[in-house]
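Everything below concerns the one structure shown next.
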Amino acid sequence: MVEMRILRSDPEGVVNAYRKRNLPDAQLALVGELIALDDRRKSLQHGLDNDQARANQLARQIGEFMRSGKAEEAAGLRAEVARIKETTRVAGEALEDVRTSIEEKLISLPNLPHPEVPPGSTADDNEVFKMGSMAIPQLADGALPHWELARKYRLFDMEAGARLSGSGFVLYRGQGARLQRALIQFFLDEAVRAGYEEIHAPLLVNAETARATGQLPDKEGQMYYVERDELYLIPTAEVPVTNIYRDALLREDELPVKLCGYTPCFRREAGSYGAHVKGLNRVHQFDKVEIVRLEHPEHSQAALVQMLDHVEGLLQKLELPYRILRLCGGDLGFASALTYDFEVYSAAQARWLEVSSVSNFETFQSNRMKLRFKNARGESVLVHTLNGSALALARIVAALLENNQGPDGIAIPTALRSYTGFDSIC
RNA sequence: GGUGAGGUGGGUGAGUGGCUGAAACCAACGGUUUGCUAAACCGUCGUACCUCGAAAGGGGUACCGAGGGUUCGAAUCCCUCCCUCACCGCCA
């Protein structure tokens with residue numbers, strides 16, 4: 001949720017920034033509407049406070065009259081209190097309406113794009129920020145896409161997943177299952193080594209939690225919902241992990257907070273059909289290690305760079321060809337101010353697959369969840385939140401299988417061998 | 001799922017209708033003392049919003065799990081919900 005403070009301080013700048021996101025005029029108009037509503041809110045609050053101060057004063061006087069036996073005087077004041085109460089009731093309702101209206105409008109506005117966000121409207125306009133040094137592998141004739149490799153080496157079974165749950169659910173087995181576990185362990189170890197505290201979080205969260213990180217209301221349809229208990233299956237570890245600090249008021253010296261967590265991620269996403277969603281390219285449940293940081297506003301950009309380095313290091317250790325994209329305004333996620341996507345090249349499909357998204361949310365999430373720290377001057381300041389995948393498994397597996405296939409099987413990258421316990425899949 | 005006991009400021013914990021935004025103690029912070037440390041002593045010490053002020057700072061309102069209600073007045077009385085703890089039942 002964008003800070004009202006920012007809207008008020010520079011409405012024109014805000015509107016201009018939103019143009020980068022290609023927001024429709026109706027949404028841009030909200031900026032002015034919100035400021036007007038906020039003015040109204042202040043004036044209602046002012047009136048209400050004054051009336052209540054008066055009522056409190058009268059109540060005290062009535063008490064004194066009662067004690068000293070002046071019943072008539074007390075009765076007269078009671079009548080006045082009754083009048084004031086009626087006024088405050090009306091004002092209170094009006095204030096509540098204005099608040100609700102502000103909340104509704106504010107929550108419908110996406111985050112302001114960071115100045116570094118390139119212009120553009122679709123994924124095609126994303127800027128290639130960096131190409132990894134690993135060469136794109138040249139596969140021999142007859143190289144197979146990962147879903148064929150899975151069949152050949154009995155690594156995972158989409159049909160079984162479909163039978164158990166539905167299409168888009170995967171059952172891993174044998175070396176395929178082992179590879180999953182190895183990657184999770186590897187990613188967690190690397191994150192912990194980089195100073196992130198490991199979190200093992202609940203996979204079902206309540207509505208308030210989903211709202212705080214921005215999944216509700218804007219991505220409601222993306223989440224699985226357990227109606228009977230009013231709980232959502234998490235679409236990413238970001239949700240429970242960031243929410244650990246909901247409503248927190250930290251000391252400045254507690255920053256930065258660096259957390260990581262492995263969870264399965266559940267996504268309903270209807271999506272398209274055909275080759276694009278075949279195999280592991282897009283599934284309803286996948287595994288991911290997420291890194292999350294709570295930062296002092298002055299340090300969040302530096303933190304973002306560190307996170308990019310961390311993710312890049314993982315891909316280098318896995319010896320995967322990758323590139324880093326800087327998302328353009330039109331492709332930027334609702335809650336994000338600045339996002340870098342990592343894509344790995346999946347050679348048999350001859351396409352880039354998104355395996356990580358690293359974002360700085362600045363105060364968008366912390367404003368929703370009232371996550372602040374106290375600065376040296378004693379003021380409460382919203383922290384910046386950041387997170388990134390480090391890394392998402394399913395597509396990494398797809399690329400690993402395809403890129404490393406050869407006549408003698410599929411080679412496991414050196415860094416992973418102590419985790420898998422085998423050097424190749426055969 | 002059943003029964004019982006509770007939810008007060010960073011912590012412990014007092015407070016059953018007005019002078020309680022809340023005692024006391026601990027922690028924390030600033031200071032005095034001290035060769036240093038400790039102790040002792042003095043002071044500060046919740047959050048949000050509105051408002052006055054250039055600022056320093058001042059004034060006001062709300063908040064004692066959440067939401068309603070009674071009352072001139074509620075941390076205190078009533079109702080609903082949530083959560084925690086204990087015991088029983090069930091159970092990976």
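Quick note on labels: first sequence line is chain A, next is B, and so on, each numbered from 1.
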query: A:S380 side chain: which of B:A48, B:U61, B:C72 is closest?
result: B:A48
query: How is A:R372 classified with respect to the nucleic acid when contacts are heavy atoms under 4.0 Å: base, sugar-phosphate, or nothing?
result: sugar-phosphate
field: Assigned partner base of B:A24, Watson-Crick or wobble definition, under 3.5 Å
entry: B:U12
message: Does B:G73 have its OP1 or OP2 closer than 4.0 Å to a side-chain nitrogen or oxygen of A:K85?
response: yes
task: Check the distance between B:A74's C1' and A:I62's CD1 and give it to me in whole angstrom.
output: 15 Å
message: In whole Å, I'd like the distance from the CD atom of A:E96 to the P atom of B:A48.
response: 19 Å
- prompt: With rounding to whole Å, what would you report as the distance between B:U20 and B:C29 at their P atoms?
  reply: 30 Å
statement: Re B:C63: Watson-Crick or G-U wobble partner, both distances kept under 3.5 Å, found to be B:G46
- prompt: What is the distance from CD of A:Q45 to P of B:U51, rounded to the nearest Å?
  reply: 9 Å
field: Atom C1', compared across B:C63 and B:A75: separation rounded to whole Å
entry: 11 Å
query: For B:C36, what is the paired nucleotide under Watson-Crick or G-U wobble rules, both distances under 3.5 Å?
result: none
- request: Return the value, rounded to whole Å, for the distance between atom CG of A:D51 and atom C1' of B:A62.
  value: 14 Å
message: Between A:Y419 and A:L179 (side chain of the first, backbone of the second, donor and acceptor by atom type, cut-off under 3.5 Å), is there such a pair?
response: no
query: How are the rings of A:H310 and A:Y196 set relative to one another: parallel (under 30°), tilted (30 to 60°) or perpendicular (over 60°)?
result: tilted
query: Between A:R211 and A:E103, is there a side-chain N and carboxylate O pair less than 4.0 Å apart?
result: yes
- prompt: Can you tell me how far C1' in B:U12 sits from the matching atom in B:A22, rounded to whole Å?
  reply: 16 Å
field: Atom-to-atom span, CD1 of A:I102 to P of B:C49 - whole angstrom
entry: 13 Å
task: Indicate yes or no: does A:D39 engage A:R8 in a salt bridge with an N to O separation below 4.0 Å.
output: yes
- prompt: What integer number of Å spans the P atoms of B:G69 and B:U16?
  reply: 25 Å
message: Could you tell me how far apart A:R41 (CZ) and B:U61 (C1') are, to the nearest whole angstrom?
response: 13 Å
- prompt: For A:E254 and B:G10, what is the distance between atoms CD and C1' respectively, to the nearest whole Å?
  reply: 11 Å
message: Need one value for A:L249: base, sugar-phosphate or nothing, where a base atom within 4.0 Å counts as base even if backbone is also close, heavy atoms only.
response: sugar-phosphate
task: Look at the side chain of A:N56 and decide which nucleotide, out of B:C72, B:A62, B:G60, has an atom nearest to it.
output: B:A62
- prompt: Given the C1' atoms of B:C25 and B:C45, what is the spacing between them in whole Å?
  reply: 15 Å
- request: Under a 3.5 Å limit for both distances, which nucleotide forms a Watson-Crick or G-U wobble pair with B:C41, could you say?
  value: B:G31
message: Need the pair for B:A92. Rule: Watson-Crick or G-U wobble, both distances under 3.5 Å, any strand; none if unpaired.
response: none
- prompt: So which one's nearest nucleotide on RNA chain B is more toward 5', A:G47 or A:Q57?
  reply: A:G47
message: Closest approach to the side chain of A:Q52, judged atom by atom: which nucleotide of B:U61, B:G73, B:C72 is it?
response: B:U61
task: Could you tell me whether A:R377 contacts a base, only the sugar-phosphate backbone, or nothing, with contacts defined as non-hydrogen atoms closer than 4.0 Å?
output: sugar-phosphate
field: Who pairs with B:U71 - Watson-Crick or G-U, where each distance is under 3.5 Å
entry: none
message: How many whole angstroms separate atom CG of A:D253 from atom C1' of B:C29?
response: 12 Å
- request: Sticking with atom C1', work out how far B:C50 lies from B:G43, rounded to a whole angstrom.
  value: 30 Å
- prompt: Where the side chain of A:H46 is concerned, which of B:U51, B:C72, B:G60 is the nearest nucleotide?
  reply: B:U51
- prompt: Mind checking the P distance from B:C77 to B:A14? Whole angstroms is fine.
  reply: 15 Å
field: Watson-Crick or G-U counterpart of B:A5, or none if no pair lies under 3.5 Å
entry: B:U84
message: Taking B:G21 as the reference, what is the distance to B:C36 when you measure between their C1' atoms (whole Å, please)?
response: 41 Å
message: Between A:F361 and A:H384, is the ring centroid distance below 6.0 Å?
response: no
query: Is it true that the NZ or CZ of A:K70 lies under 6.0 Å from the centre of A:F65's six-membered ring and within 45 degrees of the ring axis?
result: no
query: Shortest non-hydrogen contact from A:K288 to A:S389?
result: CD-CB, 3.7 Å
- prompt: With nearest nucleotides of RNA chain B determined for A:R60 and A:D38 from heavy-atom distances, which residue corresponds to the more 5′ nucleotide?
  reply: A:R60
